[in-house]
Amino acid sequence: MSTPPAAATPDLPPLRDVIARYGLNASKALGQNFLLDAQLLARIARIPGNLNDAEVLEIGPGPGGLTRALLAAGARVTAIERDRRCIPALAELGEAFPGKLKVIEGDALEIDAAPLFEGKPHIASNLPYNIGTALLVRWLSAEWVPWWQSLTLMFQREVAERIVAPTDGEAYGRLAVLAQWRSRATLAMPVHRSAFTPPPKVMSAVVHIVPIEAPKDVRFATLERLTAAAFGQRRKMLRQSLKGVNGALDALERVGIDPTRRAETVSVAEFVTLARALG
């Protein structure tokens, strides 16, 4: 079945011209690094799948690079932007795509985004580095099945690898368990530091996360408490790192997990079994 064509893209000025006209130098305090490569942005916008007439939430659009690509793909975008310097540039973009872009000025950490949508949006963002992990954990801790359809998110490469890490790998930890116990998390594409303006000191990557059915009788709060304790002292044996979690040592014995193991050797499925045993 062929993908329906998106609406024709209006003739837009180059992003560099928009940045210069509005004086939008990237703010280090806000964790901003702008993406200007139209082809790269279009590739990112394709990761969630067909966006024609789909609702999309974007956090930190800045001058609107990814926003352009999402709108060109046919999406109806709600963008939350804290930097008021960017609002006029985004308003100009909204005029080019009538009725397709809603911009909310504010802090994404303080805004309840779910009620802003008629249905279940995709979330697609070049996340500000300083709030990316906090927002991800918030979206992963939502009631399940969550209010969003998928997450397509730019992170520092190191963080992205922690999200998709396999058991017993160097990057495997709390973030991997919280992401993978009831969703599929994949590293969709690497992004070289040179693609950004200004270039950050580190490489980046886009992670794609799709929710799946949650294991029965497991609470997110229990799993979060277990992983925080286990990986908070990851070099110690479980019998030491989990002794502060009420009932955890007894639960280890009941489910047959050797208490002399270390956290990085415990699979996502085993953490789920342990959390279920704790109730």
Side-chain angles (χ1 to χ4, degrees), residues 1-16 18 33-81 90 93-94 96-103 113 117-129 132 135-136 139-140 146-157 159-161 163-164 179 183-197 200 203-212:
M1 188 170 69
S2 61
T3 300
T9 305
D11 191 17
L12 298 169
L15 270 171
R16 290 188 186 278
V18 174
N33 294 92
F34 300 148
L35 275 174
L36 307 183
D37 184 326
Q39 290 186 326
L40 175 62
L41 291 162
R43 285 175 60 199
I44 295 171
R46 286 195 293 269
I47 290 170
N50 179 21
L51 292 181
N52 199 33
D53 205 35
E55 292 184 292
V56 173
L57 171 63
E58 183 184 7
I59 305 298
L66 181 57
T67 319
R68 289 181 178 207
L70 295 167
L71 291 167
R76 291 179 286 135
V77 179
T78 297
I80 299 176
E81 178 55 67
L90 294 168
L93 185 55
F97 290 88
K100 292 288 190 177
L101 175 61
K102 180 194 300 180
V103 179
F117 298 93
E118 298 169 6
K120 290 191 172 191
H122 297 277
I123 301 177
S125 295
N126 172 20
L127 288 173
Y129 282 165
L135 284 171
L136 174 63
W139 293 327
L140 292 174
W147 57 273
W148 44 269
Q149 281 193 63
S150 72
L151 305 175
T152 302
L153 307 172
M154 181 84 71
F155 290 99
Q156 294 180 36
R157 178 71 185 239
V159 176
E161 289 173 346
I163 294 166
V164 304
S183 70
R184 286 193 304 274
T186 56
L187 203 158
M189 59 182 284
V191 180
H192 197 274
R193 57 184 295 275
S194 62
F196 295 89
T197 300
M203 299 297 189
S204 298
V206 179
V207 173
H208 186 54
I209 297 175
V210 179
I212 58 176

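Every heavy atom of this structure was used, including side-chain atoms; hydrogens, water molecules and symmetry mates were not.
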Is there a side-chain contact (heavy atoms from CB on, under 4.5 Å) between I209 and I163 once you walk through the steps?
-> CA-CA 10 Å; I209 297 175; I163 294 166; 4.1 Å; yes
Is there a side-chain contact between [X] and [Y] in this structure, where contact means two heavy atoms from C-beta onward sitting under 4.5 Å apart?
{"X": "L35", "Y": "I44", "result": "yes"}
{"X": "Q156", "Y": "M203", "result": "no"}
{"X": "V159", "Y": "Y129", "result": "no"}
{"X": "L70", "Y": "F97", "result": "no"}
{"X": "T78", "Y": "P121", "result": "no"}

Is [X] reaching over with its side chain to a backbone N or O of [Y], donor-acceptor style, under 3.5 angstrom?
{"X": "E55", "Y": "E118", "result": "yes"}
{"X": "R193", "Y": "P200", "result": "yes"}
{"X": "N126", "Y": "F34", "result": "no"}
{"X": "W139", "Y": "L151", "result": "no"}
{"X": "R157", "Y": "A205", "result": "no"}
{"X": "K100", "Y": "A72", "result": "no"}
{"X": "Q149", "Y": "K120", "result": "yes"}

How many angstroms lie between [atom1] in [X] and [atom2] in [Y], if you round to the nearest 0.5 Å?
{"X": "D37", "Y": "H192", "atom1": "CG", "atom2": "NE2", "value": "13.0 Å"}
{"X": "I212", "Y": "R184", "atom1": "CD1", "atom2": "CZ", "value": "6.5 Å"}
{"X": "L66", "Y": "L127", "atom1": "CG", "atom2": "CG", "value": "10.0 Å"}
{"X": "L93", "Y": "R68", "atom1": "CG", "atom2": "CZ", "value": "6.5 Å"}
{"X": "T197", "Y": "L15", "atom1": "OG1", "atom2": "CG", "value": "9.5 Å"}
{"X": "K102", "Y": "I80", "atom1": "NZ", "atom2": "CD1", "value": "10.0 Å"}

Determine, stepwise, if the pair L187 / F155 fulfils side-chain contact (heavy atoms from CB on, under 4.5 Å).
-> CA-CA 10 Å; L187 203 158; F155 290 99; over 6 Å; no
Shortest non-hydrogen contact between [X] and [Y], atoms and distance:
{"X": "P128", "Y": "I59", "answer": "CD-O, 4.2 Å"}
{"X": "S183", "Y": "P211", "answer": "CB-CA, 3.9 Å"}
{"X": "P13", "Y": "V18", "answer": "CG-CG2, 3.8 Å"}

Is the count of non-hydrogen atoms from other residues, nucleotides or ligands lying under 6.0 Å from R43 atom CZ greater than 12?
->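 At most 12 heavy atoms, drawn from other residues, nucleotides or ligands, come within 6.0 Å of this atom.
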Under 3.5 Å, is there a donor-acceptor pair linking the side chains of H122 and S150?
->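 A pair is found: one side chain offers a donor N or O, the other an acceptor, under 3.5 Å apart.
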